[in-house]
Amino acid sequence: MERRTMGAAALAVGAVGLGCMPMSWAYSSSRQRGEESLRAVHRALDLGSSLLDTADMYGPFTNELLLGRALKERRQDAFVSTKVGLLVGEQHIVANGRPGYVKRACDASLRRLQTDVIDLYQLHRADPEVPVEETWGAMAELVQAGKVRSLGLCAVGARSGRRSGTRLHDATIRQLQRVQQVFPVSAVQAELSVWSPEALETLLPWCEARGVGFLAAMPLGNGFLTGTLTPGQGFEPDDVRARHPRFTAEMMAANQPIVAGLRRIAARHGAGVTPAQVALAWVLAQGRHVVPVPGTKQERWVTENAGAEGIRLTPEDLTEVAELPRALGSWD
């Protein structure tokens with residue numbers, strides 16, 4: 001698989017990564033099976049999808065424990081990315097960016113992951129009660145201590161910008177400008193997909209201008225862009241899509257023209273090419289510093305996703321994607 005470089009630390013990763021969250025968090029808990037997920041991780045590494053993206057909050061903690069089982073055998077094949085800064089309670093999630101906590105959390109992640117170094121340590125969310133420079137400074141000390149190789153920042157989670165007309169990533173860019181003064185940012189993680197292209201406006205250009213890698217989260221639109229979901233199929237109560245404004249039966253039906261467009265493009269690229277692969281190829285086409293991180297827990301989807309790296313969209317394909325109708329949510 002083609003290799004792409006992650007920012008200031010110049011660490012190379014496979015062009016398509018693996019988001020590990022669905023293996024133990026946020027999606028259909030009844031379908032989460034540890035052994036099946038382990039096979040998916042090993043398949044990703046076999047195919048060169050070396051970037052494994054997790055977080056201590058996924059589970060919580062169980063996602064890192066799961067990856068640790070694979071890393072114990074194949075650490076040299078993997079680029080390990082995990083996150084810090086969010087604590088999961090019974091019915092809530094809160095930020096914690098205190099320097100002492102960040103250092104303890106890193107040590108705990110290292111133990112769970114069964115490794116002595118994390119390749120990319122990301123700040124999941126800034127703590128509003130702690131200056132982000134203090135949190136980032138503690139993370140930089142982890143680099144100096146040899147426990148972490150590079151640092152990344154996750155975009156501020158806010159869909160409200162889509163409704164208010166404000167630029168979605170202004171707050172993230174302000175945070176990036178602040179922490180960049182403390183220690184170099186190697187990567188930024190934010191949602192980017194055919195149906196959520198907002199990062200193209202300001203965040204992606206900011207990263208490109210500074211040589212910062214970009215991890216494209218949810219590049220398959222939480223599974224919608226695969227074309228495998230049926231409007232009205234319903235989701236388990238703990239599945240994030242059960243509360244997502246684009247996954248009501250009405251909105252899933254309304255957004256089918258997006259999937260239809262991806263199918264048309266896939267058909268032009270030959271038998272066996274899927275809408276999901278076209279969606280990932282579109283993300284890959286947004287820049288050499290962009291690495292899509294599709295989440296899955298099954299080998300078959302890992303294999304399909306990795307195959308997107310070999311698809312080269314034409315200028316006509318890209319124009320057709322740009323002309324697809326915008327995605328609708330229940331707020332529209």
Side-chain angles (χ1 to χ4, degrees), residues 1-6 9-29 31-84 103-122 124 142-143 145-152 186-187 189 213 215 217 219 280 291-310:
M1 182 180 288
E2 173 197 348
R3 307 279 280 178
R4 295 192 168 188
T5 302
M6 283 291 101
L11 299 173
V13 300
V16 178
L18 173 62
C20 299
M21 181 179 73
M23 299 175 184
S24 52
W25 179 257
Y27 291 90
S28 305
S29 59
R31 302 178 191 174
Q32 292 166 0
R33 299 175 180 87
E35 295 305 318
E36 182 180 48
S37 294
L38 273 177
R39 290 193 294 272
V41 173
H42 283 291
R43 181 60 174 160
L45 296 177
D46 290 342
L47 294 170
S49 292
S50 56
L51 191 151
L52 307 178
D53 187 68
T54 183
D56 58 3
M57 73 166 287
Y58 299 159
F61 311 130
T62 53
N63 204 242
E64 289 185 332
L65 287 167
L66 177 70
L67 280 190
R69 294 170 59 189
L71 295 174
K72 186 177 181 180
E73 304 173 23
R74 305 190 61 177
R75 181 63 182 92
Q76 71 282 1
D77 298 326
F79 181 98
V80 181
S81 167
T82 192
K83 308 177 191 74
V84 67
K103 293 176 181 180
R104 292 192 301 273
C106 178
D107 288 340
S109 287
L110 288 168
R111 288 193 298 271
R112 288 188 290 267
L113 291 164
Q114 300 195 52
T115 185
D116 58 1
V117 64
I118 295 165
D119 296 306
L120 177 65
Y121 203 38
Q122 299 185 71
H124 216 156
L142 295 170
V143 178
K147 297 180 180 182
V148 170
R149 289 199 172 104
S150 61
L151 302 183
S186 286
Q189 184 164 169
L215 303 186
L280 292 173
V291 176
V293 189
T296 186
K297 50 186 175 288
Q298 295 186 43
E299 281 184 274
R300 60 181 293 199
W301 304 131
V302 167
T303 302
E304 180 177 312
N305 294 342
E309 188 269 331

task = Report the C-alpha distance between Arg74 and Asp46 in whole Å, list the side-chain angles of each, state the deciding distance to 0.1 Å, and finish with yes or no for side-chain contact (heavy atoms from CB on, under 4.5 Å).
result = CA-CA 10 Å; Arg74 305 190 61 177; Asp46 290 342; 2.8 Å; yes
From CA spacing to verdict: side-chain contact (heavy atoms from CB on, under 4.5 Å), Arg75, Val80
CA-CA 9 Å; Arg75 181 63 182 92; Val80 181; 3.5 Å; yes
Evaluate the salt bridge (charged side-chain N to carboxylate O under 4.0 Å, His left out) criterion for residues Arg69 and Glu35: first the C-alpha distance (whole Å), next the side-chain angles of each, then the deciding distance (0.1 Å), finally the verdict.
CA-CA 10 Å; Arg69 294 170 59 189; Glu35 295 305 318; 2.6 Å; yes
### Task
Output, in order, the C-alpha distance, side-chain angles, deciding distance and verdict of side-chain contact (heavy atoms from CB on, under 4.5 Å) for Arg149 and Tyr121.
CA-CA 8 Å; Arg149 289 199 172 104; Tyr121 203 38; over 6 Å; no
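Taken to the nearest 0.5 Å, the CZ atom of Arg39 stands 13.0 Å off from the CZ atom of Arg43. Distance CG/Leu71 to CD/Glu64: 10.0 Å, rounded to 0.5 Å. Atom CE of Met23 sits about 9.0 Å away from atom OG1 of Thr54, to the nearest 0.5 Å. Note: His42 NE2 to Leu47 CG = 13.0 Å, rounded to the nearest 0.5 Å.
The shortest non-hydrogen separation linking Lys297 to Ser37 is CB-OG, 3.7 Å. Contact record, Ala105 with Val84: CB-CG2, 3.6 Å, taken as the closest heavy-atom pair. When all heavy atoms are compared, the tightest approach of Leu18 to Ala40 is CD2-O, 4.2 Å. Smallest separation of non-hydrogen atoms from Leu110 and Val117: CD2-N, 3.6 Å. Among all heavy-atom pairs drawn from Ala78 and Asp119, the shortest one is O-OD2, 3.6 Å. Taking both residues in full, the closest heavy atoms of Arg3 and Gly14 are given as NH1-N, 3.7 Å, listed atom of the first, atom of the second, then distance.
Val291 has its side chain out of reach of Val16: every pair of non-hydrogen atoms, C-beta onward, lies at least 4.5 Å apart. Taking the side chain as every heavy atom from C-beta outward, Arg111 and Leu65 never approach each other to under 4.5 Å. The shortest distance between side-chain heavy atoms of Phe79 and Leu52 does not fall below 4.5 Å. Inter-residue side-chain proximity for Lys83 and Asp53 is flagged as met; some heavy-atom pair is nearer than 4.5 Å. Inter-residue side-chain proximity for Arg112 and Phe61 is flagged as met; some heavy-atom pair is nearer than 4.5 Å. At least one side-chain heavy atom of Glu36 sits under 4.5 Å from a side-chain heavy atom of Gln298. With contacts defined as side-chain heavy-atom distances shorter than 4.5 Å, the pair Leu51/Leu215 qualifies.
Formation of a donor-acceptor pair under 3.5 Å by the Ser49 side chain with backbone atoms of Leu45 is not found in this model. Between the side chain of Asn63 and the main chain of Gly59, no donor-acceptor pair closer than 3.5 Å is present.
Checking Ser109 against Asp56 by side-chain atom types alone, no donor-acceptor pair falls below 3.5 Å. Counted by atom type alone, Thr82 and Gln122 present zero donor-acceptor pairs between their side chains at under 3.5 Å.
Tested against Leu11, the residues Ser150, Ser186, Ser50 include a single side chain to side chain contact (heavy atoms under 4.5 Å, CB included) partner, Ser150.
No salt bridge links Lys147 with Asp116; every basic N to acidic carboxylate O contact stays at or beyond 4.0 Å.
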